[in-house]
Amino acid sequence: MDTGPWSECVPIRMPNETAVHMVSNTRQAAELLSKHWPVNHGQAYEHALDICQAVLERDWPSYVARAAFVAAAREAGVNLLD
């Protein structure tokens, strides 16, 4: 189970929020997707949920979850910050 930190943090801002979320691992990404995401549908969203779960339960590399999370953020209109 690859629950360690990602090689690069993903700073995001949810729509209609001022707070910045610094997502730095798969567990944080899964938590945001499942409990705080602005949408609960979409191909990238569903893929990201599945991939995060697979990374947490199996020995999959965490960069796969990071890439899926970024794609879900783009799909949902979540602001990716630099």
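What you see is a predicted model; the values in this text were computed from it and never measured.
Contact between S62 and V55 at its shortest, heavy atoms only, is CA-CG1, 4.1 Å. The nearest pair of heavy atoms linking M22 to Q28 is O-OE1, 3.4 Å. When all heavy atoms of E8 and R66 are compared, the pair lying nearest together is O-NE, 2.7 Å.
Counting only heavy atoms from C-beta outward, the side chains of W6 and S24 never approach each other to under 4.5 Å.
I12 pairs with exactly one of V23, N79, V70 by the side-chain contact (heavy atoms from CB on, under 4.5 Å) rule, that one being V23. For the side-chain contact (heavy atoms from CB on, under 4.5 Å) criterion with F69, the lone passing option out of T26, V64, L33 is L33.
Residue pairs meeting the side-chain hydrogen bond (donor to acceptor under 3.5 Å, both in side chains) criterion with at least one partner in residues 12-22, sequence neighbours excluded, are E17-H21. Among residues at least two apart or in separate chains, side-chain hydrogen bond (donor to acceptor under 3.5 Å, both in side chains) pairs with a member in residues 44-56 are Q53-E57.
In terms of hydrophobic clustering, with Ile, Leu, Val, Met, Phe, Trp and Tyr side chains grouped at heavy-atom distances under 4.5 Å, L32 and V20 are assigned to different clusters. Following chains of ILVMFWY side-chain contacts shorter than 4.5 Å, one can reach L49 starting from W37, so the two form part of one hydrophobic cluster. The hydrophobic clustering, which links ILVMFWY residues whose side-chain heavy atoms are closer than 4.5 Å, places M14 and L80 together.
Listed by chain and residue number, C52, L56 satisfy the side-chain contact (heavy atoms from CB on, under 4.5 Å) test with A30 (two or more places apart in sequence, or in another chain).
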